[in-house]
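The block underneath contains the structure these notes are about, expressed in structure tokens.
Each chain gets a letter, A, B and so on, in the order the sequences are listed, and its residues count up from 1. Side chains are part of it too, since the values below use all heavy atoms of this structure and drop only hydrogens, waters and symmetry mates. The shown structure was predicted, so the numbers you read here are calculated from the model rather than taken from an experiment.
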Amino acid sequence: MLIDAKTAADLIKSGKRLFVAGDEAVLAVLPHGDWIGGTIPYFMAETGGKISRDLVYVSEVPPEVSSASIKTYTTKELPNLVSDAPQNGFTMLIIPATSAVHLAFAHDAPGYDGFFLKPTVGWISGVHLDELGKRAPKVIDGKSGSLGADFAVAMHCVLPAGKIAEIGIINLFKQGEGDRIQFPTSGFSAKTALVEGKTVDFAAYIRDKKIDTRLPLVANCSGAMVNVSFQTVGEDSVSFYAPVFSGTEYRIAAPVGDYVKGFTTALPAGIKPAFSCNCILNFLYSELEGKATSGMNGPITFGEIAYQLLNQTLVYLRIV
Amino acid sequence: MIPSKLDPRWKALVQGSIQHEFSFVAAGLCVSRNQRAVRMNNSAIDKSVDDVYAFFDKYQTVLNNDIKAIFS
């Protein structure tokens, strides 16, 4: 729910465990307690998409969670994420955009031993787009009050036997019918690509084909459609909001006509998520300010985490 | 009930000779990640089978229909 700082403070003082999203100035003055947070002023509320520097979005930790612990992770500590996570439960993880730990998580985490056995959900914190490059995205450990741009914060949540954390994604983007694209190396940028098996200058390819870079690259991961969003097309290289992985086949997404209508159609029936977040690119490209997305409310983020880093996707958590 | 880890279809799954589309996101990501690992380095096959088997073992009830489709 999107609430003011005083209401959030009262919830914290009442002992509620919370995931919080809001502007840095508000997060910094919330009382210490059982919560973690990240900076962002964009939200999807019951009334529709909203931009606010005064309100915070709080999600209560699901009541099924029997215990929880908060930890912070620098790049050095990040490999411990999986071993720190409970045998049965989930981890809520918030990471500052463009930080070293963001890059490390995106690139390395899927290769951690046992990674997919420990459900991890969360988001990449950001800033108002007017402040890109001027302010750093941050996260906060609500227990200690530690607010920073160079570490991730996690709440490891234990579930009792018989309950599992389901992390779902709603991705309206499907692979289009265009060229099959692979990349010779993994990373957040590419100079060359293999397009239908031929090496090309990827920036030139994007320009020559007049590719609409609001449409992401999409990989079909055994049924899970994973997007990589374009950040910039430079003179001789292309950068992305998530890494491309070598050995993975991508296609430019097919266009989505009406995002809100498509989203409502794609929403599984009867879902009441404990937490959800949606990508800032969906908010912008589909003009979601003032438009509602059927009960999937939460922060609008600079990246989503459903086990691994995702782009242009809605991610949700529910306990089943 | 999942087959024994020695069942050759586990190797076929991580090698990509068995293709299946999962509706459970984590399953798709896990299998796909391990298929990629084996494509990049075939010696990773045993570890990939261990990973995927452990995943299916933990989430058997959620993957009931997928298990029937892959291993029937």
Problem set entry | A:Lys71, NZ atom: more than 12 neighbouring heavy atoms under 6.0 Å | no
For this session: For the residue pair A:Ser222 and B:His20, establish whether any side-chain heavy-atom pair is separated by less than 4.5 Å.
Result: no
Problem set entry | Contact winner vs chain B - A:Gly168, A:Ser246, A:Gly111, A:Ala219, heavy-atom pairs under 4.5 Å | A:Ser246
Problem set entry | residues 82-93 of chain A: residues contacting chain B (heavy atom under 4.5 Å, by number) | A:Gln87
Exercise. Does B:Phe55 reach the side chain of A:Leu117, with side-chain heavy atoms less than 4.5 Å apart?
Worked result: yes
Exercise. Do B:Val62 and A:Glu166 have side chains that get closer than 4.5 Å, going by heavy atoms?
Worked result: no
Exercise. For A:Glu196, does the CD atom sit with more than 12 other heavy atoms under 6.0 Å from it, leaving out its own atoms?
Worked result: yes
Output side-chain donor-acceptor pairs under 3.5 Å for residues 299-306 of chain A, partner residues at least two apart or in another chain, one line each.
residue  : atom : partner  : partner atom : Å
A:Thr301 : OG1  : A:Asn278 : O            : 3.2
A:Thr301 : OG1  : A:Gly303 : O            : 3.1
A:Thr301 : OG1  : A:Glu304 : OE2          : 3.1
A:Glu304 : OE1  : A:Gln312 : N            : 3.3
A:Glu304 : OE1  : A:Thr313 : N            : 3.2

For this session: Let me know if A:Val226 has heavy atoms under 4.5 Å from chain B in its side chain, its backbone, both or neither.
Result: side chain
Exercise. Distance from B:Leu29 atom CG to A:Phe116 atom CZ, nearest 0.5 Å?
Worked result: 5.0 Å
Exercise. For the atom pair OG (B:Ser32) and CD (A:Gln308), what is the distance rounded to the nearest 0.5 Å?
Worked result: 8.0 Å
Seminar exercise, completed: Highest number of heavy-atom pairs under 4.5 Å with chain B among A:Asn220, A:Ile167, A:Val320 belongs to A:Asn220
Seminar exercise, completed: By residue number, those in residues 36-44 of chain B with heavy atoms under 4.5 Å from heavy atoms of chain A are B:Arg36, B:Arg39, B:Met40
Exercise. What residues of residues 3-17 of chain B sit under 4.5 Å from chain A when you count only heavy atoms?
Worked result: none
For this session: Decide whether a cation-pi geometry holds between B:Arg33 and A:Phe115; the criteria are a distance under 6.0 Å from NZ or CZ to the six-membered ring centre and an angle within 45° of the ring axis.
Result: no
